[in-house]
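See structure below.
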Number of protein chains: 2
Amino acid sequence: MRKKVTLKQLAKELNLSISTVSKSLKNDSEISEKTINRVHELANFYNYKPNALAVSLKSNKTNTIGVLLPEILNHFYAKVLYGIEQEASKNGYKIVTCITNESYEKEVEYVEMLNYSSVDGFILALSKETQMLNKLDHFKDLKRDNVPLIMFDRVSNEVDCDKVIVDDKDASKTAVRHLIKTGCKKIAVISTIFDLSVGKLRLEGAREEVSANRGVSLVELPINNIETEEKEIESFLKNNEIDAVLGLDETAAAIAINMSHKLGYKIPEKISVIGFTDGLLAKHSYPKLTIISQHAEDLGAKAARILLERLSNTSENSYKTKTEIVKTSLILRDSTI
Amino acid sequence: MRKKVTLKQLAKELNLSISTVSKSLKNDSEISEKTINRVHELANFYNYKPNALAVSLKSNKTNTIGVLLPEILNHFYAKVLYGIEQEASKNGYKIVTCITNESYEKEVEYVEMLNYSSVDGFILALSKETQMLNKLDHFKDLKRDNVPLIMFDRVSNEVDCDKVIVDDKDASKTAVRHLIKTGCKKIAVISTIFDLSVGKLRLEGAREEVSANRGVSLVELPINNIETEEKEIESFLKNNEIDAVLGLDETAAAIAINMSHKLGYKIPEKISVIGFTDGLLAKHSYPKLTIISQHAEDLGAKAARILLERLSNTSENSYKTKTEIVKTSLILRDSTI
DNA sequence: CTGAAAGCGCTTACAG
DNA sequence: CTGAAAGCGCTTACAG
């Protein structure tokens, strides 16, 4: 069982009251300088730290932000987390992170758990399963308890809260436009995330851009089963005379590159490839992948800033929620012409 | 500011005392069935949840484990985290994770912060900077406060605590033995982690195994600057007549494969490649990388189990610490013969 | 300048 | 069977 020095013990040893010790540690002007010094000295000696549980119980705030991520082996979320962490710690907030692993049940469980642990607010992206089932009741508790919530990336229209999203549709358009500009005529879109809000938007963008250009066509390869993704992409590349691939998630484009190697197709000479998310796979593919960067770190920082703002306005019990859109960038590397 | 129903409010509305309500919620046999039912009904209606801060303050335990990771964009640590999480949540424990980003200062800060937040125990791998500076004073606080600590993977001999490590030296030996068995004569070892305990052990293993085999030689490529890693590996491959590469961290082997593509070297025909860590890069390289798996998930679960055991033995204030070793496996894929 | 008292939301030994 | 009281470790308005 953990042991810690308390105000009580310091008070006893100094022959002072608990109140005086408490005030001294805050350098309260009420207290004589001499007493303040005595108290600090002993506190330092014992390495006294106030008990955070007691402080939080009293103040009704924990200075903690709960963060829920669908997945962590994903550079986008990992970087968002980093952005949140930076901004939060700059402002004296801690973060507690839970990974839902794309499970609705886990998401519900973690929201309850963190709410029960009295985090001051939430930042989260919905799990895949939650988006598919479209069950959002677990967020009503937060509303009822008056706990602010910021959703990012994977959001739901049915929850009224602040949101930070990426301009996914525009991003796809920009990518496709680049492919067309460099001479591609038959563009494949590979997606494992057609169930997600972001996947839908990205696909829509590609469709719109293609249909706005005469003589260019789109072939869609939706992948249901991650297990067979490689094989599906390989046979797709073999059986379709395409000259470009747009991968809508982090891995699809990388796999397209690998399968092209296998089939002996040159990149970018025969096939141009663009992916989403500036992650490890993109950096360590050969040739290096041209990608859409979602500026994950900025996005995280932005979400944190909005939350901190909500937390500082303790007065307003209800407020008008807002949605901010983060602009993406197309980063040209070696997998496109 | 968050609002929550409390025992007090329930008591008032039910015309009962706080004690009776509290006991009823726990189905205490002292209380009449009728009262218990009344209380539960209202509690359900209001969705009452006890305030975790108050419970923890009273019980002096938070059911929370603090986890410190050097890096998260690293499959090994991400999977260890997953293993810890599984085991912890199975036993009603939550985890709070902090990423040190290989910084000594951050590590000190987080240890203090989590200790101050009253986590029940710690599981951590040291940051690179901490291992280089070899400053370990921040763990004395934990000892003084009687908070159990489990170190894994990157550990220090100078801290007396439970440890879970990987048989890194044997792992390298096994890898090199396989290379030799398949006919490799001149083996390169590429390392960006020669400062780390694990990096040293892996290198040692490779050296020992090579010197035990006549006619086989080792070439070492230590890389100081991650920025120029690719170029260094490329020119190394060009200027050395090697027939095998052992990459001691997650990325080195992947880069070796990419640079081989660039130089037109066939894998595994001309060069065999083995890497450490069964991560995304290994899975999505072409050809698929033969790797040493450290069984990260098991390792995490094991660390959690040891900690939970320590936490359940509240009686013992001092105990004999132990070190457990997790066996690695060589997983043969397509980058070796 | 210092301290006693109330209170944050719980739990539990004790009294009735 | 129910409740008053003490206490976990703090903060702060109030009294002296």
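First the proteins, then the strands, lettered A, B, ... as listed; each starts at 1. FYI, side chains are in, hydrogens and waters are out, and symmetry mates aren't considered; it's all heavy atoms of this structure.
- Here Lys49(A) pairs with Asn47(A) under the side chain to side chain donor-acceptor pair (under 3.5 Å) rule; sequence neighbours left out.
- Interface limits on DNA chain C: the 5'-most and 3'-most nucleotides within less than 4.0 Å of chain A heavy atoms are dC1(C) to dG9(C).
- Listed by chain and number, the residues in a salt bridge (Lys or Arg N to Asp or Glu O under 4.0 Å) with Glu105(B) amount to none (sequence neighbours excluded).
- Contacts of Lys23(A) with the nucleic acid, taken as non-hydrogen atoms under 4.0 Å apart, include base atoms.
- Within residues 39-59 of chain A, the residues having any heavy atom under 4.0 Å from DNA chain C are, by residue number, Leu57(A), Lys58(A).
- Two residues, Ile36(B) and Glu30(A), neighbour DNA chain D, and the one matched to the more 5' nucleotide by heavy-atom proximity is Ile36(B).
- When the ring-ring contact (aromatic ring centres under 6.0 Å, His included) test is applied to Tyr93(B), no partner is found at least two apart in sequence or on another chain.
- Partners of Arg305(A) by side chain to side chain donor-acceptor pair (under 3.5 Å), not counting sequence neighbours, listed by chain and number: Glu87(A).
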Using atom types as modelled, flag every donor-acceptor pair under 3.5 Å from a side chain in residues 149-158 of chain A to any protein atom, sequence neighbours excluded.
residue: Asp153(A); atom: OD2; partner: Tyr77(A); partner atom: OH; Å: 2.9
residue: Arg154(A); atom: NE; partner: Tyr77(A); partner atom: OH; Å: 3.2
residue: Arg154(A); atom: NH1; partner: Glu102(A); partner atom: OE1; Å: 3.0
residue: Arg154(A); atom: NH1; partner: Leu126(A); partner atom: O; Å: 2.9
residue: Arg154(A); atom: NH2; partner: Glu102(A); partner atom: OE2; Å: 2.9
residue: Ser156(A); atom: OG; partner: Glu158(A); partner atom: N; Å: 3.0
residue: Glu158(A); atom: OE2; partner: Asn134(A); partner atom: ND2; Å: 2.9

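- Using a 4.0 Å heavy-atom criterion, one finds that Thr6(A) contacts the sugar-phosphate atoms exclusively.
- Residues meeting the side chain to side chain donor-acceptor pair (under 3.5 Å) test with Lys94(B), sequence neighbours left out: Ser117(A).
- Secondary-structure annotation of DNA chain D gives the stems C:1-3 with D:14-16, C:5-12 with D:5-12, C:14-16 with D:1-3, with a stem taken as at least 3 successive Watson-Crick or G-U pairs whose two distances both fall under 3.5 Å.
- Screening Lys135(A), His138(A), Glu107(A) against Thr130(A) for a side chain to side chain donor-acceptor pair (under 3.5 Å) leaves a single residue, Glu107(A).
- Listed by chain and residue number, nothing satisfies the ring-ring contact (aromatic ring centres under 6.0 Å, His included) test with His295(A) (two or more places apart in sequence, or in another chain).
- Backbone-only engagement by Ser32(B) is indicated by non-hydrogen atom pairs under 4.0 Å involving sugar-phosphate atoms exclusively.
- If you take atom P in dC1(D) and the same atom in dC10(C), they sit 25 Å apart, rounded to whole Å.
- Remark: Ser89(B) pairs with no residue by the side chain to side chain donor-acceptor pair (under 3.5 Å) rule, at least two apart or across chains.
- Using a 4.0 Å heavy-atom criterion, one finds that Ser19(B) contacts the bases of the nucleic acid, with or without backbone contacts as well.
- If you take CG on Leu68(A) and CE on Met113(A), they are separated by 8.5 Å, rounding to the nearest 0.5 Å.
- Looking at residues two or more places apart in sequence or on another chain, you find a salt bridge (Lys or Arg N to Asp or Glu O under 4.0 Å) between Lys143(A) and Asp160(A).
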